[in-house]
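To start, the structure itself, in structure tokens.
Because the structure is predicted, anything quoted here is derived from the model rather than measured.
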Amino acid sequence: MLALSMRFPAGRYHATPWERHVNEGAVAWPPEPWRVLRALLATWHHKVAPLGRYDEDTLQRLIERLSEQLPEYHLPTASHSHTRHYMPQFAPGKTSLVLDAFVAVDRDDPLFMSWPGLDVPEDEIALLDTLLENLGYLGRAESWVDARRETEVPEPNCIPGDRGLDHETGEVFGETVTVFAPVSPIDYASVRARFTSDKKKAKKLRQTLPENLTDALRVETAALRKQGWNQPPAARRVNYLRAVDALRPHRQTTVAKPPTITTACFLVVGKPSPRVENSLRIGELLRLAVMSQSKAMFGAESVPPVFSGHGMPGGNNHQHAFYLAVDTTGDGCIDRVVVHVPAGMDAEQQRVLERVRKLWERGGHEWRLILENIGAAAIAGEVGGHARRWQSVTPYLHPWHIKPRLGVEDQIRRECKDRGLPELALIERHETIAPNHRRPIHFQRFRKKRGQRQPDRHGSFWSLTFAEPVDGPLALGFGCHFGLGLYRPVGSG
């Protein structure tokens with residue numbers, strides 16, 4: 001068996017049938033065997049013959065061998081389409097409408113063409129592989145093609161035949177289409193003898209009736225039409241049976257995945273407004289509020305791990321909730337709080353956040369929360385976004401003790417690597433941040449939970465520049481799930 005595969009990198013196959021005008025919008029599908037052999041011959045003349053590796057006799061034997069048997073096809077999913085162009089004429093201001101019809105195919109979905117039972121000698125196989133490697137297009141020049149020989153092909157869905165309907169049962173097997181295939185060398189000799197028997201016509205027709213089949217396939221279409229041929233003398237009309245919907249548009253059956261819900265943003269209402277310096281305290285209060293509603297919905301023993309942070313699978317890389325306080329107006333006061341769950345939340349977990357109504361602490365302070373938005377991370381105030389450069393909003397507290405080869409910068413790089421973030425191109429330290437030149441010492445840096453190991457009690461401010469843009473919110477270091485080590489994007493990706 002000999003089999004070929006053809007992929008169309010442009011996603012289009014252009015080929016107007018012989019007897020049709022271009023403005024009829026017709027396309028020869030499947031690619032006609034006659035057209036394929038002519039393309040191989042053109043490749044021989046323009047690209048392979050100058051190499052001097054193969055002789056003309058090998059080419060002639062290969063072409064005649066492929067002409068003796070009709071191929072079968074496995075056609076990919078395709079649709080019939082066209083574009084319209086208004087071409088200018090010689091008269092000023094006048095145009096003519098021209099249709100450019102083509103078959104639209106998936107550029108990664110191959111078409112297979114096979115000759116079952118055909119044995120080809122090794123020297124002809126070597127020539128065929130070279131021709132296929134150098135074949136640039138098939139049909140019109142816009143029909144780029146990547147062709148190669150195959151050893152296995154799927155079941156054919158387009159075969160020679162014309163019985164598309166079972167008249168007894170009424171079952172439809174397919175539709176019949178007519179394509180041009182090359183005649184066999186013996187049949188071509190018979191055709192040539194018949195047309196050249198009349199000496200008066202022979203002199204005129206010999207220009208388009210060379211002695212052998214290979215030369216007859218080389219004759220240009222313009223020369224054949226000039227001589228008045230209603231079809232190429234080296235070709236015959238053959239009926240093929242293809243699927244009825246072979247060129248009908250197919251609706252995509254893939255189901256779109258719903259967007260992953262990761263983030264809820266709340267407005268903070270109440271006087272006095274909490275200060276940015278108290279971001280850690282507000283983050284702890286926000287977690288207490290979410291945990292309270294989780295226990296009310298699921299029970300104290302069934303709080304979702306994405307909210308509690310306990311019971312998450314190993315290697316989760318901080319996929320549980322971050323409770324962040326945000327100043328979106330730049331006045332130094334917290335006006336929004338954000339719950340960000342990188343692992344995503346299901347519908348019931350979202351209902352927990354919808355039930356959160358207020359923040360409360362002993363001493364009488366209380367703030368009302370209004371759910372402003374729930375969706376993707378991009379809604380997370382000014383700490384969401386997509387950027388390469390990120391600037392500290394709250395102090396970064398390194399999570400491990402300082403060692404000779406594990407300084408603060410080393411720990412930042414290690415954290416980013418553990419979370420799968422891009423490589424850091426630049427790390428810069430700052431003594432203060434705007435507004436009001438606040439220092440780390442101005443911020444609350446100690447959690448209320450007792451007995452926690454805290455390697456860093458001072459904190460520091462940093463600017464981080466990644467090799468590639470990253471998505472926020474971004475919080476690193478000790479207490480990052482409660483608002484410490486929070487960064488905001490500077491500029492855009």
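Residues that satisfy the side chain to side chain contact (heavy atoms under 4.5 Å, CB included) test with Glu428, not counting sequence neighbours, are Arg389, Leu426, His430, Ser463.
Here Phe8 and Trp144 keep their ring centres 6.0 angstrom or further from each other. Checked against a 6.0 Å centroid threshold, the rings of Tyr487 and Tyr396 do not count as neighbours.
Going from atom CG of Leu288 over to atom CG of Leu359 covers 9.5 Å, rounded to the nearest 0.5 Å. Between atom CG of residue Leu132 and atom CE of residue Met6 there is a gap of 7.5 Å, rounded to the nearest 0.5 Å. A distance of 7.0 Å separates OG in Ser143 from CG in Leu138, rounded to the nearest 0.5 Å. Here the CZ atom belonging to Arg107 is positioned 13.5 Å from the CZ atom belonging to Arg7, to the nearest 0.5 angstrom. Between Leu135 atom CG and Thr130 atom OG1 the span is 12.5 Å, to the nearest 0.5 Å. How far CH2 of Trp29 is from OG of Ser79: 10.0 Å, rounded to the nearest 0.5 Å.
In terms of modelled atom types and a separation under 3.5 Å, the side chain of Tyr323 and the main chain of Phe307 share a donor-acceptor contact. With hydrogens and angles disregarded, a donor-acceptor distance shorter than 3.5 Å links the side chain of Gln349 to the backbone of Asp346. With hydrogens and angles disregarded, a donor-acceptor distance shorter than 3.5 Å links the side chain of Asn23 to the backbone of Leu97. The backbone N or O of Leu285 lies less than 3.5 Å from no partner atom in the side chain of Glu361, so there is not a single donor-acceptor pair. Put simply, the side chain of Asp418 never gets that close to the backbone of Glu415: no donor and acceptor are under 3.5 Å apart. Remark: the backbone N or O of Met345 is paired with a side-chain donor or acceptor of Gln350 at under 3.5 angstrom. The main-chain N or O of Pro440 is found under 3.5 Å from a side-chain atom of Arg445 such that the two form a donor-acceptor pair. Here the side chain of Arg242 pairs no donor or acceptor atom with the backbone of Tyr73 at under 3.5 angstrom. Using a distance-only test at 3.5 Å, with no hydrogens or angles considered, no donor-acceptor pair links the side chain of Ser114 to the main chain of Pro116. Thr262 places no side-chain N or O within donor-acceptor distance of the main-chain N or O of Pro342, the cut-off being under 3.5 Å.
Heavy-atom neighbours of Tyr137 OH from other residues, nucleotides or ligands within 6.0 Å: at or below the threshold of 12. For CD of Glu24, the number of neighbouring non-hydrogen atoms (other residues, nucleotides, ligands) closer than 6.0 Å is greater than 12. Atom NE2 of His85 has more than 12 heavy atoms from other residues, nucleotides or ligands within 6.0 Å. The neighbour count for Arg351 CZ, taken as heavy atoms of other residues, nucleotides or ligands under 6.0 Å away, does not exceed 12. For CZ of Arg248, the number of neighbouring non-hydrogen atoms (other residues, nucleotides, ligands) closer than 6.0 Å is 12 at most. Remark: Ile441 CD1 is loosely packed, at most 12 non-hydrogen atoms of other residues, nucleotides or ligands lying under 6.0 Å away.
Between the side chains of His340 and Thr263, at least one donor N or O sits under 3.5 Å from an acceptor N or O. In summary, the side chains of His386 and Asp471 do present a donor paired with an acceptor at a separation below 3.5 Å, with no hydrogens or angles considered. In this model, a donor atom of one side chain and an acceptor atom of the other lie less than 3.5 Å apart for Asn239 and Thr178. Between the side chains of Arg439 and Thr432, not a single donor N or O lies within less than 3.5 Å of an accepting N or O.
When all heavy atoms of Ala78 and Val105 are compared, the closest pair comes out as CB-CG1, 3.6 Å. Contact between Ala101 and Gly25 at its shortest, heavy atoms only, is CB-O, 3.3 Å. The shortest non-hydrogen separation linking Ser279 to Gly483 is CB-O, 4.5 Å. Closest approach of Arg388 to Ala467, counting heavy atoms only: NE-O, 3.5 Å. The minimum heavy-atom distance linking Val276 with Cys333 is given by the pair CG2-N, 4.0 Å. Counting all heavy atoms, side chain and backbone alike, Gln391 lies closest to Val490 at CB-CG2, 3.6 Å.
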task: Start with the C-alpha gap between Phe443 and Thr394, add the side-chain angles, then the distance that decides, and say whether side-chain contact (heavy atoms from CB on, under 4.5 Å) holds.
output: CA-CA 8 Å; Phe443 288 78; Thr394 58; 4.2 Å; yes
Intermediate values then yes/no, side-chain contact (heavy atoms from CB on, under 4.5 Å), Met1 and Thr151: CA-CA 8 Å; Met1 180 188 74; Thr151 57; over 6 Å; no
task: Could you go through the side-chain contact (heavy atoms from CB on, under 4.5 Å) check for Phe112 and Glu150 one step at a time?
output: CA-CA 9 Å; Phe112 293 94; Glu150 301 288 350; 4.2 Å; yes
message: side-chain contact (heavy atoms from CB on, under 4.5 Å), that's the test. Do Arg35 and Val179 meet it? Break it down for me.
response: CA-CA 10 Å; Arg35 192 185 301 270; Val179 301; over 6 Å; no
- prompt: Yes or no on salt bridge (charged side-chain N to carboxylate O under 4.0 Å, His left out) for Lys448 and Glu284, after CA distance, side-chain angles and deciding distance?
  reply: CA-CA 9 Å; Lys448 287 190 175 182; Glu284 289 183 315; 6.0 Å; no
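Figure legend: Arg453 and Trp400 shown without cation-pi pairing, the cationic atom not lying both under 6.0 angstrom from the six-membered ring centre and within 45 degrees of its axis. Cation-pi geometry between Arg447 and Phe482 is satisfied (NZ or CZ under 6.0 Å from the ring centre, within 45° of the ring normal). Cation-pi geometry between Arg12 and Phe102 is met: the NZ or CZ atom falls under 6.0 Å from the ring centre, inside 45° of the normal.
In this structure the side chain of Ile125 reaches within 4.5 angstrom of the side chain of Val120, judged on heavy atoms. Within the 4.5 Å cutoff, the side chain of Thr77 has no heavy atoms near those of the Asp106 side chain. Taking 4.5 Å as the limit, some side-chain heavy atom of Ser294 sits within range of a side-chain heavy atom of Val290. Proximity of Met297 to Lys295: side-chain heavy atoms (C-beta onward) are nowhere separated by under 4.5 Å. Residues Ile402 and Val408 are in side-chain contact: their nearest non-hydrogen atoms beyond the backbone lie under 4.5 Å apart. Leu474 has its side chain within reach of Phe466: a pair of non-hydrogen atoms, C-beta onward, lies under 4.5 Å apart. At a threshold of 4.5 Å between non-hydrogen side-chain atoms, the residues Leu4 and Trp115 count as touching. For the pair Ile374/Ile261, a side-chain contact is recorded, criterion being any heavy-atom separation below 4.5 Å from C-beta on.
Residues Asp100 and Arg140 are paired through a salt bridge, judged by an N-O separation under 4.0 Å between the basic side chain and the carboxylate.
Relative ring orientation between His365 and Trp367 is described as parallel, the plane-to-plane angle staying below 30° on a 0-90° scale split at 30° and 60°.
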